[in-house]
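The model shown is predicted, which means the values in this text are computed figures rather than measured ones.
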Amino acid sequence: ELHHIVRMLSNGSRDLTFDIGSGFNDHVHALAAQSDGHILVGGEFESYDGHPCVNIARLNSNGDFDGTFQAGTGCDSWVYALATPSETKALVGGSFVNYNGTGKNRIMRIFTSGGIGMDEVSDDASTIAIAGNPVRGELVFARLPEGANTMRVLDDRGAEVRTQRIRPTNDVSGLAS
């Protein structure tokens, strides 16, 4: 039994060094190889070799589950397409409308670490997302909707490092870490 994924050698035989353990618990629909050897996998599954991962996962080059991939709760429905146009970002398409609790509409761009990029923040009118630009020594704000009351600070991989409730003011001096 191949558990929904197998790696083939150039001669057409199965690569026995690609150890998937118990593999995926359901169908795989998409694969995307990253330049560093990691493999992004999308489909309609809830686990890989006993590790929870909902419809999206990343494997190490030897077939092991990559626990550093930060997909959180994953995609709320199936993933049908994956592409890695750059070393740090991936395109994901499918029937999902949420990724790790953030509203998406069937297509998104994520960091290959699993985090959501600055241009991929929620359209939720109560959220502000900011990121530091150390080259220019400034903060970059993504969407500043009226009535915003929560600030999320993301690191350079798109992972949330801080969340804070805010009051309508221009004073950000109390936000230093």
Side-chain angles (χ1 to χ4, degrees), residues 4-5 7 20 23-135 139-145 148 150-164:
H4 305 284
I5 191 168
R7 183 166 63 191
I20 63 168
F24 288 100
N25 70 323
D26 213 333
H27 300 287
V28 169
H29 296 297
L31 299 169
Q34 293 180 227
S35 60
D36 63 1
H38 287 99
I39 304 161
L40 286 174
V41 183
E44 52 182 289
F45 49 81
E46 294 179 354
S47 68
Y48 176 79
D49 195 25
H51 299 276
C53 52
V54 182
N55 301 320
I56 190 166
R58 186 169 75 171
L59 307 181
N60 294 314
S61 60
N62 64 357
D64 288 343
F65 179 78
D66 181 2
T68 66
F69 184 68
Q70 304 167 1
T73 57
C75 295
D76 65 352
S77 192
W78 303 344
V79 171
Y80 293 112
L82 291 167
T84 51
S86 78
E87 189 173 312
T88 60
K89 294 193 177 172
L91 298 173
V92 183
S95 58
F96 55 88
V97 293
N98 288 291
Y99 171 72
N100 195 20
T102 301
K104 298 293 164 194
N105 194 13
R106 295 171 180 77
I107 190 165
M108 66 180 167
R109 185 172 70 178
I110 62 171
F111 287 99
T112 52
S113 63
I116 300 172
M118 282 303 297
D119 56 346
E120 297 299 323
V121 296
S122 169
D123 288 332
D124 180 352
S126 64
T127 301
I128 297 172
I130 66 170
N133 182 339
V135 174
L139 291 177
V140 178
F141 289 81
R143 295 190 181 93
L144 295 172
T150 302
M151 180 184 72
R152 294 184 322 152
V153 179
L154 310 175
D155 68 13
D156 61 340
R157 296 172 296 144
E160 188 173 298
V161 294
R162 182 172 181 164
T163 299
Q164 182 169 331

Where the side chain of T84 meets the backbone of A33, is there a donor-acceptor pair that is under 3.5 Å apart?
yes
Ignoring hydrogens and geometry, is there a side-chain-to-backbone donor-acceptor pair from N25 to S47 under 3.5 Å?
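Side chain of N25 to backbone of S47, a donor-acceptor pair under 3.5 Å: yes, one is there.
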For F45, ring-ring contact (aromatic ring centres under 6.0 Å, His included) partners two or more places apart
F24
Would you say [X] and [Y] make side-chain contact, with heavy atoms under 4.5 Å?
{"X": "W78", "Y": "N55", "value": "yes"}
{"X": "D49", "Y": "I20", "value": "no"}
{"X": "V28", "Y": "E44", "value": "no"}
{"X": "H29", "Y": "L82", "value": "no"}
{"X": "T73", "Y": "N98", "value": "no"}
{"X": "Y99", "Y": "D76", "value": "no"}

For side chain to side chain contact (heavy atoms under 4.5 Å, CB included), just list the numbers for D36 and T112, CA-CA rounded to whole Å, side-chain angles, deciding distance to a tenth of an Å, and then say yes or no.
CA-CA 11 Å; D36 63 1; T112 52; over 6 Å; no
Might you point out which heavy atoms bring [X] and [Y] nearest each other, and give the distance in Å?
{"X": "C75", "Y": "V79", "answer": "SG-CG2, 3.7 Å"}
{"X": "A57", "Y": "F65", "answer": "CB-CE1, 4.3 Å"}
{"X": "H4", "Y": "D26", "answer": "CG-O, 3.1 Å"}
{"X": "T68", "Y": "R58", "answer": "OG1-NH2, 3.3 Å"}
{"X": "Y80", "Y": "S95", "answer": "CE1-OG, 3.9 Å"}

If we ignore angles and hydrogens, is there a donor and acceptor under 3.5 Å between the side chains of [X] and [Y]?
{"X": "N62", "Y": "D64", "answer": "yes"}
{"X": "H38", "Y": "D66", "answer": "yes"}
{"X": "S77", "Y": "R106", "answer": "no"}

Apply side chain to side chain contact (heavy atoms under 4.5 Å, CB included) to residues R109 and V92 and explain how you reach the verdict.
CA-CA 6 Å; R109 185 172 70 178; V92 183; over 6 Å; no
Roughly how far, to the nearest 0.5 Å, is CD of Q34 from OG of S61?
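The CD atom of Q34 is 11.0 Å from OG of S61, to the nearest 0.5 Å.
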Can you tell me how far CZ of F69 sits from CG of L40, rounded to the nearest 0.5 angstrom?
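Between L40 CG and F69 CZ, I get 5.5 Å after rounding to 0.5 Å.
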Worked verdict on V97 versus K104 for side chain to side chain contact (heavy atoms under 4.5 Å, CB included):
CA-CA 5 Å; V97 293; K104 298 293 164 194; over 6 Å; no
Could you give me the CA-CA distance, side-chain angles and deciding distance for I5 and L59, then say whether side chain to side chain contact (heavy atoms under 4.5 Å, CB included) is met?
CA-CA 11 Å; I5 191 168; L59 307 181; 3.9 Å; yes
